[in-house]
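Since the structure comes first, as C-alpha cells, the remarks are kept for the end.
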Amino acid sequence: MMNIIEAMSARHAVRDYTDQPIDEDTVHALRIAIEQANTHSGLNIQLIHDDEDAFGGCPTHYGRFRNVRYCIALIGSDHGAPSILDERIGYYGEQLALDAVQLGLDTGWVVLHETTAHHGKWQIHDGERMPAAIAIGHGARAGRPHRSKPIEELGLIETANDVLEPAHVGHAPQWFIQALEAVQLAPSALGKQPYRFTLLADGRSVHAEALDDVQSEIGLGIAKLHFELGAGDTDIVWA
C-alpha cells in the first residue's frame with residue numbers, strides 16, 4: 001500500500017466511474033476510517049455505497065459526475081459557525097479521500113444542492129448540514145493533475161521587522177517549503193486554491209487564512225491537512 005505522501009501525489013479528481021463494485025474488505029476499511037474521523041471530529045460522516053446513484057438525485061454545484069455508486073457524505077453541525085464546520089469538513093474529508101486512494105480507489109470532491117431533498121441516502125439531523133461529499137470508486141479513466149499556485153503565492157514569511165515576504169526556495173525553512181509543496185497538491189473548487197500560509201517571525205507559528213473565493217473554507221481545511229503532512233515531524237503551532 002502506498003503511504004500518505006504518495007497518496008497526495010496519486011490523488012486526482014475523477015468524475016466518471018465504472019460499475020465495478022468496491023470489495024467488502026475495502027468497504028469495511030472505509031467504515032473504520034469514517035468511524036475514527038467522526039470520533040476525532042465530532043462530525044456525522046456517512047458512507048453511501050452500492051447504489052445506482054449515491055448522490056440520491058441531488059444536483060451537483062459544478063461539474064458532471066457519472067455512475068457514482070459510492071460516496072462519503074460529509075455532514076456535521078456548525079453550531080452557529082459555518083466557516084468552522086466547512087474547514088473541519090475539508091480537513092477530515094481529505095483525510096478520508098487519501099485513505100481511499102491508499103486503498104486503491106479513485107475519488108472526486110463534490111458540492112451538492114438540495115441535500116435535504118434526497119432519496120433517503122443519508123441522514124441529516126436537525127442543526128446539521130452537508131457542505132460537501134466525496135465520490136469514490138473505480139474510475140472509468142484516470143484523473144489528471146490540477147493546476148497549482150506557485151509557492152510564493154501560497155506562502156509568506158514574516159521577518160523580524162514585521163515585513164511579509166513571499167516564500168521562496170532558499171530563504172525559507174526547508175520544512176515550510178515542503179509543506180507548501182504538499183499544499184500545491186491539494187484539491188480546491190475550480191482549482192483556485194484560495195488560501196495562504198504565513199510563517200511568523202518565531203519560526204514555528206503558522207497563520208493559515210482562507211481568501212475570498214468559492215468554498216474557500218473547505219479548501220482551507222483540505223490545505224491544512226496537506227500542510228501538516230508535508231511538514232512531517234515539524235512541531236507546528238497554528239496561530
Side-chain angles (χ1 to χ4, degrees), residues 1-13 33 36-37 40-41 81 83-102 107 109 132 134 143-239:
M1 180 183 294
M2 68 179 71
N3 63 39
I4 197 72
I5 301 299
E6 293 169 335
M8 283 194 292
S9 296
R11 185 221 58 82
H12 303 305
Q36 292 174 340
H40 292 146
S41 67
S83 63
I84 294 177
L85 174 61
D86 285 358
E87 182 179 323
R88 186 179 296 123
I89 286 293
Y91 186 95
Y92 286 96
E94 180 66 0
Q95 178 64 69
L96 291 170
L98 295 176
D99 288 340
V101 171
Q102 287 182 287
T107 68
W109 276 85
I134 301 171
R144 295 179 297 177
H146 60 76
R147 60 183 179 183
S148 300
K149 283 184 175 179
I151 291 293
E152 56 268 22
E153 292 185 23
L154 290 170
L156 297 173
I157 304 290
E158 182 184 56
T159 70
N161 298 322
D162 296 330
V163 175
L164 296 178
E165 298 179 350
H168 291 285
V169 176
H171 90 284
Q174 183 62 26
W175 69 265
F176 187 63
I177 296 298
Q178 290 175 344
L180 293 177
E181 289 173 344
V183 170
Q184 287 182 305
L185 300 174
S188 63
L190 304 177
K192 292 188 174 182
Q193 299 190 315
Y195 31 73
R196 182 184 299 120
F197 294 82
T198 302
L199 179 61
L200 303 185
D202 64 10
R204 293 178 59 248
S205 301
V206 178
H207 174 67
E209 61 180 325
L211 307 180
D212 186 17
D213 216 314
V214 180
Q215 283 104 41
S216 60
E217 300 291 349
I218 295 176
L220 178 62
I222 295 172
K224 287 180 76 171
L225 175 69
H226 277 240
F227 187 96
E228 291 176 353
L229 293 172
D233 295 332
T234 303
D235 185 17
I236 302 169
V237 178
W238 290 113

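All values below were derived from every heavy atom in this structure, side-chain atoms included, with hydrogens, water molecules and symmetry-related copies excluded.
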Name the atoms and distances for all side-chain donor-acceptor pairs under 3.5 Å in residues 226-233, with sequence neighbours left out.
from	atom 1	to	atom 2	distance (Å)
His226	ND1	Ala182	O	2.9
His226	NE2	Glu94	OE2	2.7
Glu228	OE1	Tyr91	OH	2.5
Glu228	OE2	Trp238	NE1	2.8

Fill in the blank from the handout: What one should report as the nearest heavy-atom pair of Leu180 and Gly155 is CD1-CA, 3.8 Å
Fill in the blank from the handout: Rounding to 0.5 Å, atoms CD1 (Ile4) and CG (Leu225) come to a distance of 7.0 Å
Practice task
Decide side chain to side chain contact (heavy atoms under 4.5 Å, CB included) for Trp175 and Ile236; before the verdict, give the C-alpha distance in whole Å, the side-chain angles of both, and the deciding distance to 0.1 Å.
Solution key: CA-CA 10 Å; Trp175 69 265; Ile236 302 169; 4.2 Å; yes
Completion exercise
Rounded to the nearest 0.5 angstrom, the CG-CG distance for Leu200 and Leu156 is 10.5 Å
Handout entry: By side-chain contact (heavy atoms from CB on, under 4.5 Å) - contacts of Asn161 (at least two apart)
Key = Thr159, Val163
Problem - Side chain proximity check, Ile222 to Ser188, heavy atoms < 4.5 angstrom - result: no
Practice task
Answer yes or no: is there a side-chain heavy-atom contact under 4.5 Å between Gln215 and Asp86?
Solution key: no
Residues 202-209 side chain polar contacts: donor-acceptor under 3.5 Å, at least two apart:
from	atom 1	to	atom 2	distance (Å)
Asp202	OD1	Arg204	N	2.9
Asp202	OD1	Ser205	N	2.9
Asp202	OD2	Ser205	OG	2.6
Arg204	NH2	Asp235	OD2	3.0
Glu209	OE2	Arg196	NH1	3.1

Handout entry: Nearest heavy atoms of Ile151 and Ala167, plus distance in Å
Key = CG2-O, 3.6 Å
Completion exercise
Here the gap from Lys224 atom NZ to Arg88 atom CZ, rounded to the nearest 0.5 Å, amounts to 10.5 Å
Exercise for the section: Taking the side chain as every heavy atom from C-beta outward, state whether Ser148 and Gln193 have any atom pair closer than 4.5 Å. Expected result: yes
Exercise for the section: Taking side-chain contact (heavy atoms from CB on, under 4.5 Å) as the test, write out the residues that go with Gln178, two or more places apart. Expected result: Gln174, Glu181
Exercise for the section: Would you mind listing every ring pair (Phe, Tyr, Trp, His ring centres under 6.0 Å) that reaches into residues 148-170, with sequence neighbours excluded? Expected result: His168-His171
Practice task
With sequence neighbours excluded, tell me which residues meet side-chain contact (heavy atoms from CB on, under 4.5 Å) with Ala210.
Solution key: Ser216, Glu217, Leu220
Fill in the blank from the handout: Minimal heavy-atom distance between Asp213 and Pro194, with the atoms involved, is CB-CB, 3.5 Å
Completion exercise
With sequence neighbours left out, the residues meeting side-chain contact (heavy atoms from CB on, under 4.5 Å) with Thr107 are Arg11, Ala97, Ala100, Val101, Ile134, Ile136
Fill in the blank from the handout: Taken to the nearest 0.5 Å, the spacing of Ser9 OG from Leu185 CG works out to 5.0 Å
Problem - Polar side-chain atom of Glu87 near backbone of Ile84 as donor-acceptor pair, under 3.5 Å - result: no
Exercise for the section: Taking all heavy atoms of Trp109 and all of Gly93, pick out the closest pair and write down the distance. Expected result: CZ2-C, 3.5 Å
Problem - Selection residues 148-161 - residue pairs positive for salt bridge (charged side-chain N to carboxylate O under 4.0 Å, His left out), sequence neighbours left out - result: none
Problem - Residue pair Tyr195 / Pro187: nearest heavy atoms and the distance that separates them - result: OH-O, 4.4 Å
